[in-house]
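See below for the structure under consideration.
Chain A is the first sequence line, chain B the second, and so forth, proteins listed ahead of strands; every chain is numbered from 1. What you are looking at is a predicted structure, and each value in this text was computed from that prediction instead of being measured.
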Amino acid sequence: MSRTLPVLTVVAAILLVWYLGAIGMNAQWARDQAARAETQLTTSALIADTLTQDRPVLPAPHQVAAGLWDGIAGQKITSKRSLIYHAWVTLSATLAGFGIGSLAGILLAVGIVHSRAMDQSVMPWAVASQTVPILAIAPMVIVVFASAGVTGLLPKAIIAAWLSFFPVLVGMVKGLRTPDGMQLDLMKSWSASGPQVFWRLRLPSSLPYLFASLKIGVAAALVGTIVGELPAGATAGLGARLLSGSYYGQTVQIWSALFTAAALAALLVMLIDLIQRLVLKRMGLGG
Amino acid sequence: ADDLTLQLKWVTQAQFAGYYVAKDKGFYDEEDLNVTIKAGGPDIAPTQVLAGGGADVVVEWMPAALAAREKGLPLVNIAQPFKSSGMMLTCLKESGISDPTTDFAGKTLGVWFAGNEYPFLSWMSTLGLSTEGGEDGVTVLKQGFNVDPLLQKQAACISTMTYNEYGQVLDAGLSEDDLVTFKYEDQGVATLEDGLYTLESTLEDEAKVTALVRFVRASMKGWKYAEENPEEAAEIVLENDETGAQTIEHQTRMMGEIAKLTAGSNGTLDEADYQRTVDTLMSGGSDPVISAVPEGAFTHLITDRAFD
Amino acid sequence: MKAVLIIGVWLAAWALNIWLSRRDTRLTRFLVAAIFGATILILWEMIVRLYQVPSVILPAPSQIAASFGSNLGILWTDFVQTILKGALTGWVLGALAATLTAIAVDRSPFLQRGLLPIGNFVAALPIVGLAPILVMWFGFDWHSKAAVVVVMVFFPILVNMVAGLAATDAMQRDLMATWAAPYRASLWKMRLPAAMPFLFNGLKITTTLALIGAIVAEFFGSPTKGMGFRISTAVGRLDLPLVWAEICVAAIAGSLFYGIVALIEKKVTFWHPSQRNQRG
Amino acid sequence: MSAAVIEARKISLTFQTADGPVHALKDVDLTIGKGDFVSFIGPSGCGKTTFLRTIAALETPTGGELSVNGMTPDAAQRARAYGYVFQAPGLYPWRTISGNISLPLEIMGFSRSDRQERIARVLDLVDLAGFGGKFPWQLSGGMQQRASIARALAFDADILLMDEPFGALDEIVRDRLNEALLTLWRKTGKTIGFVTHSIPEAVYLSTRIVVMSPRPGRITKVIDSPLPPERPLDIRDSPEFIALAHEVREGLREGHGDD
Amino acid sequence: MSAAVIEARKISLTFQTADGPVHALKDVDLTIGKGDFVSFIGPSGCGKTTFLRTIAALETPTGGELSVNGMTPDAAQRARAYGYVFQAPGLYPWRTISGNISLPLEIMGFSRSDRQERIARVLDLVDLAGFGGKFPWQLSGGMQQRASIARALAFDADILLMDEPFGALDEIVRDRLNEALLTLWRKTGKTIGFVTHSIPEAVYLSTRIVVMSPRPGRITKVIDSPLPPERPLDIRDSPEFIALAHEVREGLREGHGDD
Ligand SMILES: Nc1ncnc2c1ncn2[C@@H]1O[C@H](COP(=O)(O)OP(=O)(O)OP(=O)(O)O)[C@@H](O)[C@H]1O
Ligand SMILES: Nc1ncnc2c1ncn2[C@@H]1O[C@H](COP(=O)(O)OP(=O)(O)OP(=O)(O)O)[C@@H](O)[C@H]1O
Ligand SMILES: Cc1ncc(C[n+]2csc(CCO)c2C)c(N)n1
Ligand SMILES: [Mg+2]
Ligand SMILES: [Mg+2]
């Protein structure tokens, strides 16, 4: 059984539910308007109205599609109305944050695997650090960084880094610890030095874990960036788009930004997946 | 040229047209200033930005500024481009509210927080209404970014600005006949909005002071230009909006409403308005917004020198 | 000079930790973590005091503690509103829904092929973006926060649970076949128990997600209580120590929440190799 | 040889894999009578496991005819005609030993009291009385494997299919279990199909030894054992035993291609 | 017996575990001479692996004295005095067969050309010439195990320590590797310590067989083999072989407690 048919079926089912939902959720407004205008709506007029409102509670799929199309293809990509422009703003901060976060995660993991003191002190607090609602204090973080002269892309990137370092840290610690006793003993029986064990055994064995957690990390970084943009007065980016859409009650704009963000996330994950395949294949681990 | 950073209270819109016009029309350049305008957002507290050194001047509402001053952050009003308050409470007629003194009890009211709740709290305490809900009080809903709570009937009334949210309510399809509005001005609880504030320490620096003098002069020139050319001002605002979400219709209308609020101010703070604001804030029964008469919370130093 | 003092304290604490970690007993392991945390607090306090950082930017731990102590009532109300009502309800509902869906997906290869690729797409969606929409749908009280949490935790748990239900090895499944076991029996007696470690993995990951979701959703509308509400209001009022006290509550609640789930996991999956330290 | 319990006629099985078809079994003919103890021996990949799984209806042959107890393998599976023991014990780690033995009984709907009685009996049979309350991972490999045999015995199927059940155990434990299995077989008269890699084990246990060869998997030799049913362990030093082992080894070598 | 290569005097090793101390070895005395092929046999848990690991300085004895090539085990490890082969091949999946063999050579700092020459030589020795470019998972289990032996041979240590190297392979492959190992040993004159569970394997390969018993692990019997160095596979049907196997089995049974 191939994937196409099931996926299409499920997509069709989702679209159906979505349309029904749009009709149901937007009907109240259509009826209220009719009542205010003291007219009666036929069922078909009601349905037609629910699917074409300017400020629907839930925009219909074709409205979102139109919004997406207009945002992506209907504008010059340098235009502030272009979703591609905003996606690019978000993407650059995401990548910067993801870079910082994964590097920090990897370095910490290396430290943790090699130093018992680091293992015992850092690990519990790394877990606790993730319970800090960074997303909730994102605006403050941005102000604090601004007061230290750090503005622009970097504060967002730091929030993104905060969210992405943890999965990378956990995955990498696990990965660096995968070599079993036998493999380590072999190294020992050859009197291998610490760096030799690291570069020739631990690092290669950890790569599959690293890639798996990089995928989680990059998605987390994207969420971090968007939230960093969201309430904190960023003027561009998908988060700002989401916010201004929400501020002006333009649900279609919110959903278009949301879908663009999801597509961006999917793209990033796919990209890492591709790199993973290439690397692991070269290493002979792809078979 | 002297560098100056201005932190706005909210996102780029015609509410701040004067500053954008001054920048675009080169009024700041004429004064040999290099002004950076930072847009705000729902959870940006301009006072905090100022304290952190992220800006030299901020646009802030006086209640928040005075409250921050009492908290130990020495904000000083250096100019007041807005003469009147644009804040009001917009209610659905069907909720049966017609008189604030009798009809609010037991209702849900939408309010902005993050430093914007002070005028509302003052008003409620003048009315003697608790904000903790219940039969005799009002239930307060922290209003999000938009007017949905009213459209979805989650609240009987929501906070709106004459120049922005009220228009959005109308845009959404409600007509003026469906609504009842209560302007803070009319209720006698108006407080000063959009003033320019800086830190006391900034005013001790003569170089900064002269820069601020030029800044205020150029900004007021911008405001007056905007009042006279609302369409052009709206377009300038639109060009400066990086989210690309604003529309020209909306901004033009907003500019029209804003002009009504800036009219009558040449930038100098009217001490009577100041006194009324302080009185309103201190009248708040058991829980006033400020508890002591502020000292040195404004100065005419800048405006005097600017408009000589 | 100030920097030397700060670095000195840090080095001293680190040396103490290295020395302690060599002992490696239960007590020292706890001590090492505690000393690490305490060092961070001390360094923070020192930096704030020595460099006179304004408290509207970064309050000192001592100020935060004082604010914590004097605002216990507020903190408790917010905790109940956000964590107990918003996060916990949403988490439980989300986990239940995800588990049931996972069973349906496991049962039907059609769904598995159709739903999972889409699930992966949705899982990558920045769910917080849904918060304004859900607040619009479910009202401004905790119900909308719970809804945000349901959506946030659903896919991580679903993905884990589907993997868990498939985690039985071929031999275990073949055994069931040799006994001609009907689906229900193999579900209850093999797949569900085998899936427990995976389910708990998902449950643990989502504890922090649940907190974050509930707090962030409050930015898009809330009654006048709740941790997200308090944080944004207090920032506006420049009451930063209160903001940090709320952050502390969130961190403590998050760690506790995680710890309790981990404890239940230990009880339920006692048989899993990761839980039985090296025996057998 | 008594009545046929398992009858295979020209059984073939081809797996379709990404690298093309794999002919795991080709034209396998075999009849196993009631009470036989039949060992399958052959190099890795010759189809021993596949053949056993085919009997158990875990695989479906692509050609030929197979009957178990006069039924199709599927029907025999539904009739719970056999117990199956894998190389690894395959105990469910979240159930105690008793719980594991109880599992197929629960599925087959035995009453609670019946279950308890059967569990006690089979635990006794495999010499594990007293260990019912332990979890699998608290026992040694040999004990786990005995528990898994107990589980296959608990519901009293006539046929016992065992795929290298003792492959992972050390020689001495293996000797013991071999002895115990032989005793059990004599006591119960079950029909046993037994896959092994060990020539001595095959010779020691079986009434018939089936030698297989790979690519494609087929039967190259079927050797009937002249040894008596009663077999003390040191029968393995007897000349008959050694001769038989030699014959099996020769049979293996003939069929064995290159590694 | 020639010059002592490994000398153990009253070696004891106790593991401290959560459930109290485990006496893995107690008062083990043994001398292994140059060129000896010594097999260790005994029930599971008797300390065979532990003893081999102690020689390799992978464990430190808690009592007694041990010298390898006249040095402490630690010094011998640093002098790269031995190659170690585990039960599983333990090849690194991200390196080819040549890459795997090359790994210890890289670590020990052999030059590139020297490495290539050695790799070619040992691949030849274990009959894997032409497979150097393959990845481990592209080879059968027996070939993988041969590669891991090649890896242990590549740096020409005098001593070869092997812990159940053929335990996971089928009988026929095992026979072949046993033959090959014997040839290799005769050709190179290495000293070999070899842990096994299989009595025939121990008897077939060794010049001396060390029988161990558990709790605490100690040596119960050391049997010198009367078999000649040249041993065709069918020597296993000879009366000497069978007698020797019998002796080992008896030795094992004596030492064996309850399971
Ligand atoms: N599910 C499957 N798909 C494809 N090929 C398979 C499958 N199962 C087994 N084979 C192939 O069929 C052949 C016979 O396998 P089988 O497992 O029956 O051998 P075996 O005799 O049991 O070997 P061993 O002694 O290693 O257990 C092998 O070549 C194997 O690779
Ligand atoms: N690292 C360790 N910690 C604690 N106990 C250990 C450790 N390693 C081995 N033991 C114990 O020491 C004893 C001897 O173990 P060892 O592995 O040497 O046995 P063995 O003879 O190699 O057994 P097998 O044939 O199963 O490989 C066993 O009881 C084992 O449980
Ligand atoms: C979440 C949030 N909502 C409203 C305001 C209040 N506010 C201050 S200026 C301004 C512009 C009016 O159009 C508004 C709405 C706020 N600060 N934060
Ligand atoms: Mg098999
Ligand atoms: Mg061992």
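Both the backbone and the side chain of B:Ala68 come within contact range of chain C, with heavy atoms under 4.5 Å apart. Residue contact with chain C, scored on non-hydrogen atoms closer than 4.5 Å, is absent for B:Glu132. Contact annotation for C:Val135: only backbone heavy atoms (N, CA, C, O) come within less than 4.5 Å of a heavy atom of chain B. Neither the backbone nor the side chain of C:Leu58 comes within less than 4.5 Å of any heavy atom of chain B.
The cationic group of B:Lys142 lies under 6.0 Å from the six-membered ring centre of C:Phe219 and within 45° of the ring axis, placing it in a cation-pi geometry.
Rounding to the nearest 0.5 Å places CZ of B:Phe113 at 7.5 Å from OG of C:Ser222. Note that CG of C:Leu240 is 10.0 Å distant from NZ of B:Lys71, once rounded to the nearest 0.5 Å.
Of all the listed residues (C:Ala234, C:Gly139, C:Gly226), the one sharing the greatest number of non-hydrogen pairs under 4.5 Å with chain B is C:Gly139. Between chain C and the options B:Val140, B:Thr139, B:Val111, B:Leu141, the largest number of non-hydrogen pairs under 4.5 Å is found for B:Leu141.
Atom NZ of B:Lys38 has more than 12 heavy atoms from other residues, nucleotides or ligands within 6.0 Å.
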Worksheet item: After noting the C-alpha distance and the side-chain angles of C:Leu238 and B:Leu73, does the key distance pass the side-chain contact (heavy atoms from CB on, under 4.5 Å) rule?
Response: CA-CA 9 Å; C:Leu238 297 184; B:Leu73 186 70; 3.6 Å; yes

